[in-house]
Amino acid sequence: VTEVRDAAVPFTAREFRTTLGRFPTGVVVVAAVVDGSPAGLAVNSFTSVSLEPPLVAFCVDRRSTTWPTLRRAGGFTISILAAGQDDLCMTFAGRAADRFAGVRWSPGGGGHPRLADAVAWLDCTIHRVDEAGDHQIVLGEVRDLVLHDRPSLLFHGGRFADLVTRPSAERPGNPRPAEVALAGLHGLDVASPFFDVLSARLDRD
Ligand SMILES: Cc1cc2nc3c(=O)[nH]c(=O)nc-3n(C[C@H](O)[C@H](O)[C@H](O)COP(=O)(O)O)c2cc1C
């Protein structure tokens, strides 16, 4: 990606995804119990939408094999991943036949999986699903939520990052007692099979 582009030349898919990758996000796992079995996928397109009614949204690839299963459940629980849950994220983006193998969870209000040690759980029912290019926009109505006081996992520029709390002494003149700062980026292991999943999703050119 260049800092000066020729406006006459259309931007490439790589420029598009690299640019959007500079918008820092968290990562959530969207999960549901369907026909007695838990299913879920990792998503960083999660966002808040409405306060009244309380709506959240995420975008899911039309090629997702997990979403059609989740959709049948009529609802799902969002687990906002915590700092250090990188591996859990990759499990829920990976090719394991059972992504829940060895994963600790408990059923939320709708019976859907709340992943252990996550920052927050939002139990949702599906409000509506809209078509949007090669993705679908899923709107969930939040029926219940639980928040834990722990730092969130961040995703930025194709890498994971953590938030740390800096003591106020490091920031003279700032009246606020503490602030969260970017602690550093730790990369996805490019040798890992999970990287293929992510590149397959992002690499369209
Ligand atoms: C950090 C991260 C963020 C992701 N965000 C999304 C997303 O917003 N939407 C999506 O459809 N897939 C996303 N994925 C990919 C899915 O987790 C999953 O790999 C993909 O849906 C293929 O699996 P499936 O066929 O079981 O759905 C993300 C993966 C990673 C590692």
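Here the structure is a predicted model, which is why all the values come from computation and not from measurement. Heads up: numbering here begins at 1 and tracks the sequence. Order of appearance sets the numbers: ligands from 1, and atoms from 1 within every ligand.
Checked against ring-ring contact (aromatic ring centres under 6.0 Å, His included), Phe46 has no partners two or more places apart in sequence or in another chain. Every residue two or more places apart in sequence or in another chain was checked for a salt bridge (Lys or Arg N to Asp or Glu O under 4.0 Å) with Asp149, and none qualifies.
Within the 4.0 Å heavy-atom criterion, the part of Arg99 lying near ligand 1 is the side chain and not the backbone.
Summarising the geometry of Arg150 relative to Asp117, their closest heavy-atom pair is NH1-C, 3.1 Å, with the distance given to 0.1 Å. Nearest heavy atoms, Trp67 versus Gln136: NE1-OE1, 3.1 Å.
Near Thr66, the atoms of ligand 1 lying under 4.0 angstrom from a non-hydrogen atom of the residue are 24 (P), 25 (O), 26 (O), 27 (O). Contact atoms of ligand 1 toward Leu41: 21 (O), 27 (O) (distance under 4.0 Å to a heavy atom of the residue). Close approach to Thr65 involves these atoms of ligand 1, each under 4.0 Å from a residue heavy atom: 24 (P), 25 (O), 26 (O), 27 (O).
Using a 4.0 angstrom heavy-atom cutoff, Arg95 does not count as in contact with ligand 1. Ligand 1 lies nowhere less than 4.0 angstrom from a heavy atom belonging to Trp67. A heavy-atom separation below 4.0 Å is found between Phe92 and ligand 1.
Looking at Ala39, Ser64, Gly26 and measuring to atom 27 (O) of ligand 1, the nearest heavy atom belongs to Ser64. The closest non-hydrogen atom to atom 11 (O) of ligand 1, taken over Val29, Asp61, Val28, comes from Asp61. Distances from atom 14 (N) of ligand 1 to the heavy atoms of Cys59, Pro68, Ala42, Ala93 put Ala42 nearest.
Under the 4.5 Å side-chain criterion, counting only non-hydrogen atoms from C-beta, Leu153 is in contact with Asp86.
Under the 4.5 Å side-chain contact rule for hydrophobic residues, Val49 and Phe58 do not share a cluster.
No side-chain donor from either of Arg114 and Ser79 sits under 3.5 Å from a side-chain acceptor of the other.
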